[in-house]
Number of protein chains: 2
Amino acid sequence: MTTYPVAAVKLSHDIIETVAERGPTGVTAVADALDVPKSTAHDHLRTLEAVGYVVNESGTYRLGTKFLHLGETARSSHELFVNGREEAHTLFDDTDEKYVQLVTEENGRCGVLLAAGWRQGGHTTGTPGAYPSDLHLHTNAPGKAILAHKDAETVERLVSETGLPPRTANTITDEERLLAELETIRDDGYAVDEGELIAGMTGVAAPIVADERVRGAIAVYGPSGAFEATPGSSGLAETVRQSARTIEANLIFTPE
Amino acid sequence: MTTYPVAAVKLSHDIIETVAERGPTGVTAVADALDVPKSTAHDHLRTLEAVGYVVNESGTYRLGTKFLHLGETARSSHELFVNGREEAHTLFDDTDEKYVQLVTEENGRCGVLLAAGWRQGGHTTGTPGAYPSDLHLHTNAPGKAILAHKDAETVERLVSETGLPPRTANTITDEERLLAELETIRDDGYAVDEGELIAGMTGVAAPIVADERVRGAIAVYGPSGAFEATPGSSGLAETVRQSARTIEANLIFTPE
DNA sequence: TATTTCTGTCCGGTATTACCGGACAAGCTC
DNA sequence: GAGCTTGTCCGGTAATACCGGACAGAAATA
């Protein structure tokens with residue numbers, strides 16, 4: 001069980017999460033949802049408002065745009081994003097009608113740095129779609145690609161800590177099968193997800209390795225119907241691997 | 001002086017802000033920057049890590065991608081963004097080589113919901129550039145457009161609370177002049193910023209009003225040289241106003 | 001319109017806990 | 001390998017986060 005040295009911060013986090021889930025919410029609704037006194041919820045909301053994390057609009061609270069600022073700052077300071085953003089967009093342009101993600105690892109979970117995909121109307125806005133949170137590594141292609149390049153003991157530790165919770169019926173929940181698949185991924189140089197994260201969605205991902213360390217992975221996702229029987233036999237897997245290599249080169253050749 | 005009912009949350013906020021400014025930072029650096037004991041900084045960083053706000057990479061801490069998720073959630077739940085996003089991109093496409101922003105008001109500051117502008121390489125990524133934080137309303141075009149449609153007492157309150165801090169030499173710092181300009185903005189239907197936020201950058205903004213209430217503003221910015229002598233005489237101001245009207249219509253006609 | 005029942009906000013006491021000094025180990029740089 | 005860092009951990013205590021209760025105002029009821 002993870003512990004929280006500063007309990008108050010954990011509560012504020014839960015409140016933010018609640019407001020995020022419910023959209024604009026009142027004090028009592030938040031208090032009820034988290035089963036804390038109304039006054040406590042109010043204390044936290046007031047501080048969160050003072051620092052700009054939430055906004056008070058005549059009684060109801062919503063998330064502030066400060067998170068957009070922080071999110072942008074977070075990824076702009078990430079060398080994988082800086083070195084991979086352009087190539088990810090190139091890959092996106094090359095693989096029509098699919099989604100492209102640039103993923104790193106954060107505390108044993110997937111951290112999505114870039115998600116291109118949503119085409120709005122006619123023109124490509126290129127604006128990201130969803131930035132999912134709390135994605136376990138074993139549930140998707142980029143996560144597995146990352147996992148495949150970790151030491152055995154790290155994998156063991158992660159599995160024993162968090163287990164292998166399923167997302168769909170196809171999610172790998174058996175450790176034996178996971179380890180076998182990681183072996184395959186190392187051999188092939190890419191990972192495949194056939195409806196393991198989202199039913200009906202297939203993905204191909206290639207790991208990004210630099211200086212003997214996995215820095216993340218780049219992935220292409222799309223409706224399963226849009227893929228060849230085996231993504232490896234089509235050129236797609238190789239295309240994704242090429243993108244990964246380009247980013248690896250950027251990482252290595254970039255000064256600092 | 002604003003007060004913080006839960007001091008611990010305020011400290012965590014300051015730590016996040018510090019990490020945001022400095023990029024990947026160690027415990028001692030954070031502690032020194034905020035003048036708190038190393039152990040206290042560590043306590044907070046550990047909790048922030050547990051909730052996913054920061055990531056620990058072998059001793060140094062960086063911001064987590066969770067902020068991207070929260071940022072996206074924040075604006076997706078905002079009716080101005082939902083109803084204005086497409087029109088903002090259309091406006092962006094119509095006004096080449098400029099920046100477009102969709103702005104709301106948050107606690108007397110500007111909240112940037114959408115910032116289109118950065119063209120990467122040849123293809124339009126449309127991906128947002130900067131999401132600035134802590135922008136006072138009087139320092140820029142969309143802010144002034146919003147301010148112009150607030151009650152006199154609200155304006156008075158905001159000015160007396162925060163004053164009129166300058167950003168550049170052109171920023172309005174005199175209350176008389178501000179009030180006069182707000183009058184002009186109401187008459188014209190648009191606001192102009194000539195190097196008041198950023199030296200050498202000119203902007204035109206139109207307020208977005210629905211149900212007797214200012215919901216925000218939409219703005220076009222660009223290098224001052226790219227603008228006609230007076231933005232009003234060119235068609236630009238009218239173009240921006242049209243975009244604002246379209247968004248107003250979306251806001252009013254959208255169910256709920 | 002009067003009444004009831006919500007809401008969000010505020011206050012002050014107390015027991016919890018956040019803060020802090022100090023100590024440890026591991027990774028640097030001379 | 002010595003001397004410096006660094007990040008991490010522990011436990012006591014004084015500060016404070018939490019909570020019950022009370023208030024005013026807005027809806028919703030009648």
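To find a chain, count down the sequence lines: A is the first, B the second, and so on, and within it residues start at 1.
Contact check on B/Glu106 versus A/Lys66 returns no salt bridge, with no Lys/Arg side-chain nitrogen under 4.0 Å from an Asp/Glu carboxylate oxygen. Checked for salt-bridge contact, B/Arg157 and B/Glu161 meet the test: a charged N lies under 4.0 Å from a carboxylate O. Using a cut-off of 4.0 Å between Lys/Arg side-chain N and Asp/Glu carboxylate O, B/Glu79 and A/Arg62 are scored as salt-bridged. With respect to the salt-bridge test (charged N to carboxylate O, under 4.0 angstrom), the residues A/Arg186 and A/Glu183 qualify.
A donor-acceptor contact closer than 3.5 angstrom is absent between the side chains of A/Tyr61 and A/Arg46.
Of the listed nucleotides (D/dC19, D/dC18, C/dG21), D/dC19 has the atom at the smallest distance from the side chain of A/Pro37. With D/dC19, C/dC19, D/dA17 as the candidates, the nucleotide lying closest to the side chain of B/Ala7 is D/dA17.
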Dump the pairs, protein N or O against N or O of nucleotides 4-11 of chain D, anything under 3.5 Å, distances to one decimal.
from	atom 1	to	atom 2	distance (Å)
D/dG7	OP1	B/Val27	N	2.9
D/dG7	OP2	B/Thr28	N	3.0
D/dG7	OP2	B/Thr28	OG1	2.4
D/dG7	N7	B/Lys38	NZ	3.4
D/dG7	O6	B/Lys38	NZ	3.3
D/dT8	OP1	B/Asn56	ND2	3.0
D/dT8	OP2	B/His42	NE2	3.3
D/dT8	OP2	B/Tyr61	OH	2.7
D/dT8	O5'	B/His42	NE2	3.3

Which protein N or O atoms sit under 3.5 Å from an N or O of nucleotides 25-30 of chain C?
none

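Remark: DNA chain D takes part in the stems C:3-27 with D:4-28, each of 3 or more antiparallel Watson-Crick or G-U pairs, criterion distances under 3.5 Å.
Taking atom OH of B/Tyr4 as the reference point, atom P of D/dC18 lies 17 Å away to the nearest angstrom. Rounding to whole angstrom units, CG of residue A/Leu34 and C1' of D/dC18 are separated by 14 Å. Counting to the nearest Å, the P atom of C/dG8 and the CG atom of A/Leu48 are 16 Å from each other. The CG atom of B/Asp35 sits 13 Å away from the C1' atom of C/dC20 (whole-angstrom rounding). In this structure, B/Leu45 places its CG atom 15 Å from C1' of C/dC19, rounding to the nearest Å. The nearest whole Å value for the distance from the CD atom in A/Glu49 to the C1' atom in C/dT9 is 12 Å. Across the protein-nucleic acid pair, B/Leu11 atom CG and C/dT17 atom C1' stand 14 Å apart, rounded to whole Å.
Residues B/Leu114 and B/Phe81 form a side-chain contact, since some pair of their non-hydrogen atoms from C-beta on lies under 4.5 Å apart. Side-chain contact between A/Leu135 and A/Asn140: present, with at least one pair of heavy atoms (C-beta onward) separated by less than 4.5 Å.
The only member of B/Lys144, B/His138, B/Arg167 that meets side chain to side chain donor-acceptor pair (under 3.5 Å) when paired with B/Glu196 is B/Lys144.
Remark: side-chain polar atoms of B/His149 are paired, donor with acceptor, to backbone N or O of B/Ala145 under 3.5 angstrom.
Taking CD1 of B/Ile247 as the reference point, atom CD1 of B/Ile208 lies at 4.0 Å (rounded to 0.5 Å).
Relative ring orientation between A/His13 and B/Tyr53 is described as perpendicular, the plane-to-plane angle rising above 60° on a 0-90° scale split at 30° and 60°.
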